[in-house]
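To find a chain, count down the sequence lines: A is the first, B the second, and so on, and within it residues start at 1.
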Protein chains: 2
Amino acid sequence: MKKNLTLDDIAAQADVSRATASRVLNDRPHVRDEVRERVWQVIQETGYKPHPVARSLASQRTGIVGLVIPRTTEGFFTDPYFPHLTQGIAYTCNEHDYIISLFLIQTQEDERKLYPRISQGLLDGVIVQVGAIGDQFIDALLQGSIPSVVAGRPQHHPEASYVDVDNIAGAYNAVMHLLQLGCKRVATITGDMGTTAGLDREEGYRRAIEKRGIPIEPDLIVHGDFTEISGYYGMQRLLPHKPDAVFTGSDTMAMGAIRAIKQADLSVPEDIAIVGYDDLPPARMASPPLTTIRQPIHRFGVKAVEILLDIIENGKEPPRQIVFDTKLIVRESCGSSVGT
Amino acid sequence: MKKNLTLDDIAAQADVSRATASRVLNDRPHVRDEVRERVWQVIQETGYKPHPVARSLASQRTGIVGLVIPRTTEGFFTDPYFPHLTQGIAYTCNEHDYIISLFLIQTQEDERKLYPRISQGLLDGVIVQVGAIGDQFIDALLQGSIPSVVAGRPQHHPEASYVDVDNIAGAYNAVMHLLQLGCKRVATITGDMGTTAGLDREEGYRRAIEKRGIPIEPDLIVHGDFTEISGYYGMQRLLPHKPDAVFTGSDTMAMGAIRAIKQADLSVPEDIAIVGYDDLPPARMASPPLTTIRQPIHRFGVKAVEILLDIIENGKEPPRQIVFDTKLIVRESCGSSVGT
DNA sequence: AAATAACTTGAAAGCGCTTCCAAGCTCGGC
DNA sequence: GCCGAGCTTGGAAGCGCTTTCAAGTTATTT
């Protein structure tokens, strides 16, 4: 195997100095065209590739951004949210020639190790998915100088840059839709109340109910954690209170709820209408197909990267905060007459 | 913001040379206990963290392994396979203090860019998921000197190190189970025939059928691509040929097939028995719950990393090749009397 | 034609760390 | 009390690249 080429080799072969070779390599000005071409020639012929680590050390940028995914709940496997988000992020990184470094936090140990590894020069920036991960980590991140963007709204950090979707409005619209269809006893199975997504979606539910002048009935609110199984059990607890409609904090929980409903020999939407949240592929394939709230997850990921790169270039002030709108997708599970 | 500490600062403060400080930092021998302690003290007090890039440049190892996921089919989102695999890999990497760099190949462009970026010193090793990605890429990888492990059996590279599951045996057992239950017309919806998983699972189907002395009926074999929708359409094409059982190349396709069956007013397993492949969470929650083949995906990911690290340490010869066994999980969709 | 501006180029100083090498020590054995 | 073995230690040479600075060239201005 032939010895790896260095920029010095290229410089020697093209009969210029290393500095000039570097200029050509990086497409910098102040090189005569003739020389520039000569150097390119040598680079092409030899198949030379610059050594990324050396380059990083000298330039103080690595071209790597971190993607931190919090303590892996079952949700990571079940929920297509993460793959979608990751895909949006990866797509945009590829486009801008950045590389992604993935940190799946699984153990307490991982979490401890994380900050030190992240804070010290390997990464140009970090995208953190909010979740079960301690605010403490986000604290540290924001204190530090490394550019960061939060995916989802961080609970106690109004000054952080983040991208989020308007969960309150989304949930509000979902519940309002049910109310307008004539449902009288609309219940909800919330997502994980340790996340802003869970909290906000419950808030949207409350606002819609109150907007119609209906008193909030605590028995009609049960807490889940975004997983199918929590939707299933949530629904079982709800059934004795005779809801005629349920808004669930995720499609996955909606699937669980439907399972429980069918098992109780009731049917969707005749006996109980359902509206989910996410509009990921399974929603369309459910039986009945799910009425749900669509989030632009892909754009979400794209934007997160764009913001991060902006921060890397231009500094973290002012905070960039973007909230995406959601869209109600009406299918059959809500019993709407216009169902597809 | 305080200037970043360097090893020189530590050395100065501890009144030793940089060489000695480095020895202490890396827990190397040949340092007097007293000195070692003094240096540690300074490191602790100052909160010094070594600069990973500088360290990589000097030591010629980065502690980063690449994870390459091929051209992203719809499957990446739908199929919990990838999250599970990723999780197994991440877990093991965390444990060994390696960092994962994720490469999702999405465009032709990405694929072109990939090899150059990978081949040149940023990564200590690479795990490649086989799939729609050109063998050409795996070719290049194997030619080069960078340690690599393939997840799944690469089609034309018997000399590669890989981890795989015994797809042929798995499929064989699935189909044999159906035959033993008395099914007479067992069909199959295969996975993507561009993958060894797809090919091998069909092969297993064929072997089981032939083993029972039944002639292969081409009409009972349709090709899908692991997605729900391909299972749905596949089943629709199968229905006119009156199968009484179907083995699908993935659980996701099984869900699609069930949807098509129900839509034709037939029922599972009474009219048509189904066996899937994967045993991921949705299988358990399907209605009816899916009889399927369980693959140890998590261990699969773990092993891939272990092999890779082994290669990094000890060289790529001889090739490490590991094939995991699968397990038939009997639930209700096959109509077995012992269904849960 | 002289003076000045603008562009090219290479030498050299890092970036922060690892590691080889040689020098200086300590200590036991005879 | 002397010698060599075996530790400790620091100096210095990289790892491969970027970037500053000053010197050398060429083009422009008056």
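Between A:L123 and A:V65, the closest heavy-atom pair is CD2-C, 4.3 Å. The two residues A:V39 and A:A21 come nearest to each other via the heavy atoms CG1-CA, 4.3 Å. In this structure, B:R153 and B:T196 approach most closely via the heavy-atom pair O-OG1, 2.8 Å.
Going from atom CD1 of B:I100 over to atom OH of B:Y98 covers 12.5 Å, rounded to the nearest 0.5 Å. Here the straight-line distance linking atom CD1 of A:I146 with atom CG of A:D124 works out to 8.0 Å at 0.5 Å rounding.
Contact check, A:N4 against D:dG16: no side-chain N or O comes under 4.0 Å of OP1 or OP2. Side-chain N/O atoms of A:R18 include none lying less than 4.0 angstrom from OP1 or OP2 on C:dG10. For the OP1/OP2 pair of D:dT18 and a distance below 4.0 Å, the side-chain nitrogens and oxygens of A:R61 include no atom meeting the criterion. A close approach under 4.0 Å does occur between a side-chain nitrogen or oxygen of B:R55 and OP1 or OP2 of C:dT18.
If you take CD1 of A:I10 and P of D:dT18, they are 12 Å apart, rounded to a whole angstrom. Distance A:Q60 CD to C:dG14 P: 14 Å, rounded to the nearest Å. C:dT19 atom C1' lies 13 Å from atom CG of B:L7, rounded to whole Å. Regarding A:L57, its CG atom lies at a distance of 17 Å from the P atom of D:dG14, rounded to whole Å. For the pair B:R38 CZ and D:dG10 C1', the computed distance is 13 Å after rounding to whole Å. Regarding B:H51, its NE2 atom lies at a distance of 14 Å from the C1' atom of C:dG14, rounded to whole Å. Spacing between atom CZ of B:R28 and atom P of D:dT9 amounts to 16 Å, rounded to whole angstrom units. C:dC15 atom P lies 11 Å from atom CG of B:D9, rounded to whole Å.
Remark: A:K303 pairs with A:E306 by the salt bridge (Lys or Arg N to Asp or Glu O under 4.0 Å) rule, at least two apart or across chains.
Taking every side-chain heavy atom of B:P50 into account, C:dC17 is the closest of D:dT19, C:dC17, D:dT18. Of all nucleotides listed (D:dG16, C:dC17, D:dT19), D:dG16 comes nearest to the side chain of A:A54. Checking C:dG16, D:dC17, D:dT18 against every side-chain atom of A:N26, the shortest atom distance belongs to D:dT18. Residue B:T6 places its side chain closer to C:dC17 than to any other of D:dG16, C:dC17, D:dT18.
With 3.5 Å as the limit, one finds a donor-acceptor pair spanning the side chains of A:N26 and A:R55.
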Give every pair of a protein N or O atom and an N or O atom of nucleotides 7-9 of chain C that lie under 3.5 Å apart, one pair per line with the distance.
| residue | atom | partner | partner atom | Å |
| --- | --- | --- | --- | --- |
| C:dT9 | OP1 | A:R32 | NE | 2.9 |
| C:dT9 | OP1 | A:R32 | NH2 | 2.8 |
| C:dT9 | OP2 | A:R32 | N | 2.8 |

